[in-house]
Structure formats: structure tokens, C-alpha cells
Participant: 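A single structure is presented below for examination.
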Amino acid sequence: MTEAANSRIPTHSTTWKRVATVRRFFLTLFVVGQTVIASYFLLWILPYHGGTLVEIGLLVLFIFLYMWIAIGFWTAVYGFVLRLVGGDRQSLLRRHRGKALENTTLAKTAIVMPIYHEPVQWTLSGLKAVYRDIERTGHLDQFEFHVLSDSRDPNVWLEEQSQWYRLCQELGAEGRLFYRRRRVNLNFKSGNIADFLRRWGRRYRYMVVLDADSLLSAGTIVKMVQLMEREPNVGILQTAPTIINGESLFARVQQFANRLYSNLFATGLAAIQLGDAAFWGHNAILRVQPFMEHCGLRRLRGFGLFRGAIMSHDFVEAAYMGRAGYEVWLEPGLGHSFEESPPSISDELARDKRWSKGNLQHLWILLFGRRLRLAHRLALLNGIMAYLASPLWLAFLILTTLEAVQMTVASINYFPEGHQGLFPLWPEWRPEWALGLALSTLSLLFLPKFLAVLDAGIHGLAKNFGGLWRLLLSVLVEILVSVLLAPVRMMAHSRYVLGALLNLSLSWAGQNRTEETTWREAFMIQFPGMLVGAGWSAFAWSLDPMFFLWSLPVAVPLVLAAPTSVALSRIGLGQAFRSSGLLVIPEEIAPVDVLEDARKARALNDESSVLTAVEAAVVRPRLNRLHHTLASSHRQPVRAGLLAPLVSRLGNEGPDALSRSELSQLFSDRASLEELHRMAWRSPPDSFWGQRISGLSRADLKR
């Protein structure tokens with residue numbers, strides 16, 4: 001352990017806080033100044049110059065939305081400028097370079113992967129790649145791995161247990177790679193992590209958190225531990241994950257955009273936040289002791305949505321870590337940090353439905369959380385606006401339509417609400433100003449994309465994206481897809497926000513990683529938006545041809561939502577773009593060891609089995625003994641009496657005769673597993689279990 005790790009020494013905190021204050025001041029100045037100018041233009045564009053309630057509503061919504069866009073724009077500009085001058089001198093990596101960092105002794109670190117109904121072999125293959133990569137560095141003795149399951153389906157968690165044990169044997173990782181499944185699923189992922197820390201947290205100084213789709217190279221993990229050792233004030237160190245392994249066209253567009261644009265946005269965001277950064281819940285390292293002491297999440301005590309367990313935990317934990325006096329850093333220079341994208345827009349929206357409810361809960365903490373730093377409150381607001389912006393845009397479009405109706409159908413009101421005086425207020429139209437304001441707003445959205453292209457050219461990175469011309473063409477493809485999906489996301493997020501505010505029930509399921517979207521699924525999901533788009537466009541045409549033209553950028557993508565969703569989910573289209581050199585990323589041109597290991601492991605499909613995981617746990621002797629060892633051995637007489645009828649039914653009729661909950665009870669009990677194995681092997685050949693056993697080969701039985 002280094003001397004710096006023995007105590008918290010605020011060697012750099014005064015400097016970075018002073019720099020952060022200056023940077024945030026100028027960001028505020030740019031954003032507010034630009035918004036004031038744009039709002040002034042809007043006032044003069046509106047026919048009554050803000051003299052009606054509808055126009056006042058338009059102005060208020062415009063201010064919020066324009067500021068939201070302007071913050072993203074200036075963040076990218078900050079990133080571009082900093083990369084142009086060689087990087088941010090305030091970053092942790094710039095403080096500690098060369099031999100001093102490399103020679104820093106590592107401390108005991110847990111690498112944890114919480115999972116919930118994930119594809120088992122696929123998920124553990126990623127963890128296997130991380131394990132192998134660390135093993136190659138010679139630092140394996142300082143790391144232990146934990147798979148933390150919250151899965152409830154017996155066919156899933158029994159498969160998790162068998163695959164985990166097989167992986168332990170393959171890697172020789174007994175005593176280093178652990179598996180634990182919670183019997184009681186409380187408080188989602190944060191509860192899973194909290195349960196692990198209560199039981200085993202004191203064994204470790206640090207904890208690296210991975211998602212089921214996360215991959216981190218050994219070099220990055222080791223460097224994270226070394227930075228934490230040299231910076232005792234840092235409680236959380238977050239990497240900027242890159243999306244990889246995209247197969248469908250949608251996933252490839254997402255990973256290209258992430259890989260190219262994140263160079264600017266992550267650098268700019270890190271420069272503005274500095275030691276007040278956010279935690280994204282994965283691909284990060286946490287200092288265990290302060291995390292356990294200060295980041296426990298109490299249940300919300302409000303009403304409706306704002307009552308109960310906190311669903312999105314990461315931003316809140318970062319805020320609590322900051323409140324305790326520790327720093328939270330985002331370090332974009334820590335490369336080789338990866339995650340994966342949902343394969344389709346339907347799967348992304350299914351994920352967003354969960355995230356939107358969790359992020360909106362943060363409104364309660366933003367308003368009523370005690371002693372939180374302003375920067376962390378703004379980070380919470382940023383997460384809220386990621387979803388609240390959609391219904392605000394929708395409201396803006398509705399008010400725009402009302403304004404058009406008033407000006408087209410209703411008679412001109414020369415004395416609108418709030419107007420006083422002897423002289424009438426004449427409505428004025430300035431279409432050239434409206435066009436200019438629209439173009440300036442679009443420039444805030446699209447200019448950072450071309451700044452990223454310029455950045456790649458300046459730093460000689462264009463060749464890593466297929467060359468300059470292919471890079472430019474790929475950006476145009478990404479812009480087209482973004483334009484087509486923006487109204488779809490707006491409609492979906494608006495529904496999700498409304499549902500969250502009404503506190504509608506929400507299911508929590510594993511994420512699809514590979515499947516394409518069917519036409520039936522696409523129409524079922526997108527039909528409401530398609531109906532709204534077609535109806536709004538038809539109404540706009542009947543109202544005014546010019547207003548109809550203004551409606552098309554929103555209406556057309558909504559009408560085409562279903563075919564767009566299907567086309568983007570197709571793996572064949574994604575691979576066609578890759579073959580033509582479009583939408584490629586550097587990791588596909590210059591492979592990374594941990595990615596190659598994961599791809600190879602996932603490409604090796606297990607031999608197909610005629611048995612489900614439940615059936616295999618009953619029939620196969622080795623698996624039955626494994627699950628028997630992992631099951632509970634404490635059996636009270638009352639519990640035995642309850643399980644006995646279930647054992648009999650399963651033995652006589654097979655797994656379909658029992659519910660998922662009943663199966664979980666049986667396979668969590670040692671005596672029941674032992675009895676089921678005996679019953680299956682004593683069953684007549686024409687019984688359910690007799691037929692399952694007779695269909696197995698000798699090799700299959702030994703697996």
C-alpha cells in the first residue's frame with residue numbers, strides 16, 4: 001500500500017475546485033447568453049410577441065429546451081478545445097504518469113457482476129475474458145470475482161450455477177470466482193450490491209462493478225486501482241464505456257456514434273464536473289469502506305412514484321459520496337472500457353421504460369436531499385431531463401399547433417390576454433426569422449458531430465473509422481437514423497414519463513441481446529405513434545400547407561416507425577454496412593485482447609441439450625450433486641411437509657405441473673433435490689422422467 005493511501009490528503013482538491021468554478025461560470029454564461037438571444041428572436045417571431053397565454057407557454061418551454069440543447073453543445077466544444085491543446089491538465093491521469101503510477105502496489109479488489117435473467121453462457125463468457133486478461137498481467141492474486149444473481153426463474157439460475165462451476169473448473173478459479181444468488185430480491189441492483197457488501201465487503205479495499213454486457217481490459221482495471229491508491233480522496237472513479245459488438249444496423253449506428261462523439265462529450269463533461277462527476281453504475285471502481293458507510297439508500301418517503309425503493313441508484317450514490325467529502329471522477333483517458341447496445345429500437349425503449357421511472361424518482365432527492373453538492377444536484381437534473389425533455393418537446397409541438405389554429409381559423413384578436421392600451425396589437429409574421437432560429441437550433445444538435453469528425457482528422461484517427469470519406473458518410477447515415485428515431489423516442493418517452501408520474505406498475509426483465517424485431521412486434525409497439533403522426537400531418541395539411549411542411553420532420557418518422565424499427569434490427573443490414581467499411585469503429589480494425597477473448601468464447605456454443613436446466617438438475621448425477629451442495633440444508637418439519645407434495649407432483653408429472661415459485665422452492669432444498677434424483681432414475685420407462693433419461697446419450701449424462 002502506498003503512503004498516499006493511508007490517509008485522505010487533499011493535495012489537489014483546492015486547485016480542481018477553483019478550476020471547476022471558472023469552467024462552470026463560463027459554461028453558464030455561454031448557455032444563458034445564447035438562450036436569451038434565441039428567446040428574443042422567438043418573441044419577435046411569434047405573431048403577438050408573447051402577448052397570449054399560448055405564446056407565453058411556447059416561450060417558457062423553448063427556454064428550457066434550448067438551454068438543454070445548448071449545454072450539450074458547449075460540453076462538446078469544451079471537449080474539442082481541450083483535446084486540441086493536448087488534454088485536460090486537471091485529469092487524474094495527467095497527475096500520475098509514467099513509472100510512479102506503474103509501480104504503485106495494488107490492493108485487494110472485488111470484481112462484481114450483478115445479473116438478472118441474462119443469457120447465461122454469453123454473460124459468463126465476458127467475465128471469463130476479463131479473468132483471462134488479468135491473469136496475463138500477473139496481477140490475478142489481487143482480484144476476486146463475484147457473480148451476484150437476482151434471477152428468479154429456476155431454468156435460468158440453475159443454468160447459472162452449472163455454468164459458473166464449469167467456468168471455475170476451466171479457469172482453475174476455485175476460491176477466486178464466486179457465485180451467490182439472493183433468495184429475496186429486494187431493491188433491485190442496488191440491493192444486490194448492498195447484500196454483497198454486508199456479507200463480504202470488508203475483505204476488499206476496492207470494488208469494480210460490471211454489468212452483464214461489460215468488458216474491461218486488465219490494463220484499465222489495474223490502472224484504476226493504482227489511481228485509487230494514489231488518490232485517497234477519490235471515492236468513485238468512472239470510466240467512459242465504449243459500445244462494442246454491434247451486429248444489427250441499429251446497434252452498429254449506436255456504437256459508431258458512441259465511439260466517435262464520446263471523445264468530445266466525455267472529455268468536455270469530465271472537464272466541467274472534475275471531482276463532482278456522476279457514477280453510471282458500471283465500468284467503475286469504488287472505494288468500499290466509504291461506499292458502505294455513506295451510500296446506503298433509504299426508501300423514499302414521499303407519495304406515488306416518490307415512495308419506496310430507489311430504482312436508479314448510481315447518480316444518488318455519487319451524490320452521497322460527494323456529500324461525505326469524497327470525490328467522484330470521470331476519466332475518459334481510461335480506455336478499453338466496453339459495454340453493448342440493445343439490438344433494436346424496441347429493446348432500447350423497453351430499457352428506457354425502466355430507466356425513465358428511476359430517473360424521475362431523482363426529482364424527490366434533487367428537491368429534498370440534504371447537504372448535496374450543487375454539481376450533483378445538477379447531475380440529477382440532467383438525468384431527469386434525459387426523459388422529461390420528450391414530453392416538453394411534445395407540449396411545444398401541441399402549443400405550436402394551437403398557435404397555427406388560432407392564426408388560421410380563429411379571427412384575429414387585436415386585444416389578447418394581458419394587452420392593455422388604447423391601440424390594438426397587430427399580429428406580425430417573420431418567416432425568415434423563424435427559419436434562422438430553426439437553423440441555429442439544428443446547428444446546436446449537428447455541429448458537434450462534425451466537430452468530432454474534425455477532431456478525428458486533427459488527431460489522425462480518421463483511418464480508425466475506415467478513412468475520412470467513409471467517416472463522413474457514416475456520420476451522414478447516423479444523422480439520418482437519428483432524425484428518423486427522434487420523434488419515435490419522443491412519443492415513447494412521453495408515455496413512459498406519464499406512466500411513471502401515475503406510478504403504474506413496471507415489470508423488470510432481462511434484456512434481449514440478439515433477437516431481431518418482427519413485423520408484428522414493430523406494429524404493436526409503434527402503431528400509436530404512427531397513428532398520431534398520420535393524424536397530425538393530415539390536420540396540418542387541412543390547416544395550412546406551410547404548417548404541413550413544418551410538420552413533416554416529425555410526422556414522417558412517426559408514420560415510418562414500424563418499417564424503420566424492423567430494418568434497423570436486421571443483422572444482415574448491419575453486416576452489409578460493415579463490409580462496405582461504413583459505421584466501423586477502431587476496435588474492429590485493431591482488435592483488443594479482451595474483446596477477442598470474449599468473441600471467441602461466445603462463438604463456442606455449448607453442445608445442444610435435450611434437457612432444460614431444471615430437468616438436467618434432476619437427471620444428471622454431477623449437476624444434481626452440484627445443486628445439492630449449493631442448496632439450503634436447513635429443513636424444518638413444517639417446510640418438509642409443504643415440499644413433499646411438490647416433490648411428488650414433479651416426480652410424477654414433470655416440471656410443467658409446478659409454478660416457477662414452487663420449482664424454486666424445491667431446487668433450493670437439498671433433501672428435495674436428492675429425492676427427485678432418486679425418483680427420476682427409478683421411474684418406469686414410459687413415465688415423463690423415464691422418457692427424458694432414455695433420450696440421453698452416455699456422453700450427455702456425464703456432462
Side-chain angles (χ1 to χ4, degrees), residues 248-254 341-357 359-360 386-402 404-405 477-543 547-574:
S248 67
L249 180 55
F250 175 82
R252 294 197 61 78
V253 168
Q254 296 298 100
S341 165
S344 69
I345 182 63
S346 300
D347 293 297
E348 182 195 80
L349 294 178
R351 181 192 65 184
D352 286 350
K353 187 174 184 179
R354 302 192 299 266
W355 286 5
S356 62
K357 190 169 185 178
N359 280 28
L360 288 173
Y387 295 98
L388 191 59
S390 289
L392 294 181
W393 276 116
L394 183 59
F396 187 84
L397 292 175
I398 292 172
L399 291 183
T400 303
T401 304
L402 290 176
V405 169
V477 171
E478 188 275 328
I479 289 175
L480 175 61
V481 171
S482 297
V483 169
L484 288 174
L485 293 182
V488 176
R489 290 187 173 113
M490 178 191 70
M491 293 298 297
H493 289 176
S494 298
R495 294 199 309 271
Y496 299 159
V497 169
L498 179 61
L501 294 176
L502 295 175
N503 200 29
L504 300 181
S505 60
L506 182 65
S507 61
W508 202 273
Q511 183 174 299
N512 169 40
R513 305 287 182 186
T514 56
E515 295 179 5
E516 297 180 344
T517 303
T518 64
W519 281 99
R520 182 176 182 275
E521 179 187 2
F523 275 105
M524 287 182 63
I525 295 173
Q526 305 298 344
F527 183 73
M530 296 171 68
L531 197 62
V532 168
W536 185 47
S537 184
F539 176 73
W541 175 259
S542 67
L543 196 64
F547 185 63
F548 168 75
L549 294 177
W550 278 99
S551 75
L552 291 182
V554 175
V556 170
L558 288 175
V559 172
L560 299 177
T564 299
S565 178
V566 171
L568 289 176
S569 75
R570 294 296 184 252
I571 293 176
L573 278 177

Participant: When rounded to the nearest 0.5 angstrom, what distance separates CG in Leu552 from CZ in Phe547?
Facilitator: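 The distance works out to 10.5 Å.
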
Participant: Within the side chain of Ser537, is there an N or O that forms a donor-acceptor pair under 3.5 Å with the backbone of Gly533?
Facilitator: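 No, the answer is negative, given that no donor and acceptor are paired below the 3.5 Å cut-off.
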
Participant: Ser542: what forms a side chain to side chain contact (heavy atoms under 4.5 Å, CB included) with it, not counting sequence neighbours?
Facilitator: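 Counting only residues at least two positions away or on another chain, Ser542 forms a side chain to side chain contact (heavy atoms under 4.5 Å, CB included) with Phe539.
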
Participant: When rounded to the nearest 0.5 angstrom, what is the spacing between CZ in Phe523 and OG1 in Thr517?
Facilitator: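 It comes to 12.5 Å.
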
Participant: Is there a side-chain contact between Met490 and Leu394 in this structure, where contact means two heavy atoms from C-beta onward sitting under 4.5 Å apart?
Facilitator: yes

Participant: Test of understanding: with side chain to side chain contact (heavy atoms under 4.5 Å, CB included), list the residues that count as partners of Leu501, not counting sequence neighbours.
Facilitator: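 Only Leu305, Val497 meet the side chain to side chain contact (heavy atoms under 4.5 Å, CB included) criterion with Leu501.
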
Participant: Looking at residues at least two apart in the chain, or sitting in another chain, which of them share a salt bridge (Lys or Arg N to Asp or Glu O under 4.0 Å) with Arg495?
Facilitator: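 Arg495 satisfies salt bridge (Lys or Arg N to Asp or Glu O under 4.0 Å) with no other residue.
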
Participant: Can you confirm whether Trp550 sits close enough to Thr400 that some side-chain heavy atom of one is under 4.5 Å from a side-chain heavy atom of the other?
Facilitator: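 They are not in contact (no side-chain heavy atoms under 4.5 Å apart), so the answer is no.
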
Participant: Does Leu349 offer a backbone N or O that forms a donor-acceptor pair with the side chain of Tyr496 under 3.5 Å?
Facilitator: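 Side chain of Tyr496 to backbone of Leu349, a donor-acceptor pair under 3.5 Å: yes, one is there.
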
Participant: Check side chain to side chain donor-acceptor pair (under 3.5 Å) between Trp393 and all other residues, then give those that pass, not counting sequence neighbours.
Facilitator: none

Participant: Which heavy atom of Pro343 sits nearest to which heavy atom of Ser248, and what is that distance?
Facilitator: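 That closest heavy-atom pairing would be O-OG, 2.5 Å.
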
Participant: Report the residues that fulfil ring pair (Phe, Tyr, Trp, His ring centres under 6.0 Å) with Tyr387, sequence neighbours left out, ordered by chain and then residue number.
Facilitator: His493

Participant: Among residues at least two apart in sequence or on other chains, which ones pass ring pair (Phe, Tyr, Trp, His ring centres under 6.0 Å) with Phe548?
Facilitator: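 Residues passing ring pair (Phe, Tyr, Trp, His ring centres under 6.0 Å) with Phe548: Trp541.
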
Participant: Ser494: what forms a side chain to side chain donor-acceptor pair (under 3.5 Å) with it, not counting sequence neighbours?
Facilitator: none

Participant: Test Lys357 against Asn503 for side chain to side chain contact (heavy atoms under 4.5 Å, CB included), laying out the working first.
Facilitator: CA-CA 8 Å; Lys357 190 169 185 178; Asn503 200 29; 3.5 Å; yes

Participant: Which residues pass the side chain to side chain contact (heavy atoms under 4.5 Å, CB included) test with Ala350, not counting sequence neighbours?
Facilitator: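 Here no residue qualifies.
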
Participant: In a table with atom names and distances, give each donor-acceptor pair under 3.5 Å that connects a side chain of residues 557-565 to protein atoms at least two apart or in another chain.
Facilitator:
unit_1 : atom_1 : unit_2 : atom_2 : d
Thr564 : OG1    : Leu560 : O      : 2.7
Ser565 : OG     : Ser346 : OG     : 3.3

Participant: Could you check Glu516 against Ile571 for side chain to side chain contact (heavy atoms under 4.5 Å, CB included), going step by step and ending with a plain yes or no?
Facilitator: CA-CA 7 Å; Glu516 297 180 344; Ile571 293 176; 3.6 Å; yes

Participant: Should Glu348 and Leu485 count as side-chain neighbours, where that means a heavy-atom distance under 4.5 Å?
Facilitator: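 Not in contact.
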
Participant: Under 4.5 Å between any side-chain heavy atoms of Asp347 and Phe250, yes or no?
Facilitator: no

Participant: According to side chain to side chain donor-acceptor pair (under 3.5 Å), who are the partners of Gln526, at least two apart in sequence or on a separate chain?
Facilitator: none

Participant: Please list, chain by chain and in numerical order, all residues satisfying side chain to side chain contact (heavy atoms under 4.5 Å, CB included) with Ile479, sequence neighbours excluded.
Facilitator: Phe446, Lys449, Phe450, Val475, Val483

